[in-house]
Engineer: 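This is the structure I want to talk about, given as structure tokens.
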Amino acid sequence: MKTYLRIYRWSMQMKLRMGLYTFTAIFLKMVCNLLMGVDSIPIRELLTMWLTCLLFAVLESAIFPENSECTGARTALWLAAGNLCFIGGAVLFGWFAGIPVWGGVILVLFLELGLGLMWFGDRFVLKMDSAELTKQLRQYQGRGKA
């Protein structure tokens with residue numbers, strides 16, 4: 001039962017991140033399409049975006065398992081995997097075909113900003129939230145002993 005619960009917890013966390021990445025990729029595709037005068041996204045592109053985001057979320061959870069330490073090597077590997085998945089996926093599947101070079105540069109900058117914000121959130125913001133919750137729990141437990 002513990003194994004099942006561990007796998008279930010892993011899949012829930014992985015799917016949350018996959019969903020966030022998928023939403024972001026589709027949103028950027030929608031903006032690019034609207035700027036280019038296109039008002040639809042082919043199902044094949046949606047499917048390949050979703051599969052690429054799934055692949056990256058699985059890789060991400062392998063690089064940073066639950067309660068793992070954030071090392072420089074893991075961070076570099078995670079960043080390389082993100083760039084490979086998303087830039088590689090965009091080129092391989094032609095998600096943004098037809099956009100000018102400057103548009104591609106902007107998309108890469110958005111990718112790097114997004115990855116940086118995810119890293120910052122994971123490594124600092126969530127740890128600060130956990131520390132605050134632990135502090136509040138200790139205060140609450142201390143009230144019961146008085």
Side-chain angles (χ1 to χ4, degrees), residues 1-36 38 40-97 99-143:
M1 185 64 154
K2 281 186 178 185
T3 301
Y4 170 77
L5 292 175
R6 188 172 42 90
I7 292 170
Y8 185 80
R9 184 174 55 247
W10 169 82
S11 69
M12 293 300 290
Q13 291 171 347
M14 186 272 304
K15 287 191 302 185
L16 174 66
R17 298 182 78 90
M18 176 197 63
L20 180 63
Y21 296 138
T22 303
F23 172 79
T24 303
I26 291 171
F27 177 77
L28 288 173
K29 176 65 175 169
M30 287 174 10
V31 170
C32 286
N33 278 11
L34 286 173
L35 291 173
M36 293 181 1
V38 177
S40 64
I41 301 174
I43 291 174
R44 178 182 128 346
E45 288 183 12
L46 293 173
L47 180 63
T48 57
M49 286 179 170
W50 173 72
L51 289 171
T52 300
C53 293
L54 172 64
L55 173 65
F56 179 61
V58 169
L59 289 173
E60 179 179 50
S61 64
I63 294 167
F64 288 118
E66 192 174 353
N67 299 322
S68 66
E69 185 179 331
C70 179
T71 64
R74 284 184 180 185
T75 300
L77 183 60
W78 173 79
L79 190 58
N83 279 286
L84 181 64
C85 285
F86 294 116
I87 294 172
V91 170
L92 180 66
F93 299 117
W95 298 334
F96 302 101
I99 67 167
V101 172
W102 60 266
V105 170
I106 290 173
L107 285 171
V108 169
L109 291 175
F110 270 115
L111 171 64
E112 300 309 321
L113 176 65
L115 289 173
L117 291 172
M118 288 298 289
W119 181 85
F120 176 76
D122 282 345
R123 300 302 152 218
F124 294 104
V125 177
L126 292 179
K127 289 189 188 295
M128 289 172 18
D129 287 348
S130 293
E132 180 63 25
L133 287 172
T134 301
K135 178 182 144 194
Q136 290 175 1
L137 176 61
R138 287 191 179 128
Q139 288 173 346
Y140 176 77
Q141 289 172 333
R143 283 189 284 176

Engineer: CD1 of Ile7 to OG1 of Thr3: how many Å apart, nearest 0.5 Å?
Structural biologist: 6.5 Å

Engineer: Show me the pairs that pass side chain to side chain donor-acceptor pair (under 3.5 Å) and involve residues 43-59, at least two apart or across chains.
Structural biologist: Lys29-Glu45, Thr48-Trp95

Engineer: Rounded to the nearest 0.5 Å, what separation is found between the CD atom of Gln141 and the CZ atom of Arg143?
Structural biologist: 11.0 Å

Engineer: I want to check something: taking the side chain as every heavy atom from C-beta on, are Asp122 and Cys70 in contact at a cut-off of under 4.5 Å?
Structural biologist: no

Engineer: Are the side chain of Arg74 and the backbone of Phe64 linked by a donor-acceptor contact shorter than 3.5 Å?
Structural biologist: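 Not a single qualifying donor-acceptor pair exists.
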
Engineer: What distance do Leu28 atom CG and Phe96 atom CZ have between them, rounded to the nearest 0.5 Å?
Structural biologist: 5.5 Å

Engineer: Working to the nearest 0.5 Å, report the span between OH of Tyr21 and CG of Leu115.
Structural biologist: 6.5 Å

Engineer: For residues 81-89, which side-chain donor-acceptor pairs fall under 3.5 Å, sequence neighbours excluded?
Structural biologist:
residue, atom, partner, partner atom, Å
Asn83, ND2, Leu79, O, 2.9
Asn83, ND2, Glu112, OE2, 3.4

Engineer: Going from CE on Met1 to CG on Leu5, what distance comes out if it is rounded to the nearest 0.5 angstrom?
Structural biologist: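 Here the rounded value is 5.0 Å.
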
Engineer: Tell me every residue that passes side chain to side chain donor-acceptor pair (under 3.5 Å) with Gln136, counting only those two or more places apart in sequence or in another chain.
Structural biologist: Glu132

Engineer: Which residue pairs pass the salt bridge (Lys or Arg N to Asp or Glu O under 4.0 Å) test with at least one member in residues 51-64, sequence neighbours excluded?
Structural biologist: Arg17-Glu60

Engineer: Distance check, rounded to the nearest 0.5 Å: Leu111 atom CG versus Ile106 atom CD1?
Structural biologist: 14.0 Å

Engineer: For Arg6, check side chain to side chain donor-acceptor pair (under 3.5 Å) against everything at least two apart and list the hits.
Structural biologist: none

Engineer: Could you tell me which non-hydrogen atom of Met49 sits nearest to which non-hydrogen atom of Ala25, and how far apart they are?
Structural biologist: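 Nearest heavy atoms, Met49 then Ala25: CE-O, 3.9 Å.
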
Engineer: On a heavy-atom basis, which atom in Met14 and which in Ser61 lie closest, and how many Å separate them?
Structural biologist: CG-OG, 4.4 Å

Engineer: Within a 6.0 Å radius of atom CG on Leu113, are there more than 12 heavy atoms belonging to other residues, nucleotides or ligands?
Structural biologist: yes

Engineer: Applying salt bridge (Lys or Arg N to Asp or Glu O under 4.0 Å), name anything that partners Arg9, two or more places apart in sequence or on another chain.
Structural biologist: Glu66

Engineer: Using modelled atom types only, decide if a donor and an acceptor are shared between the side chain of Asn33 and the backbone of Val38 within a distance under 3.5 Å.
Structural biologist: no

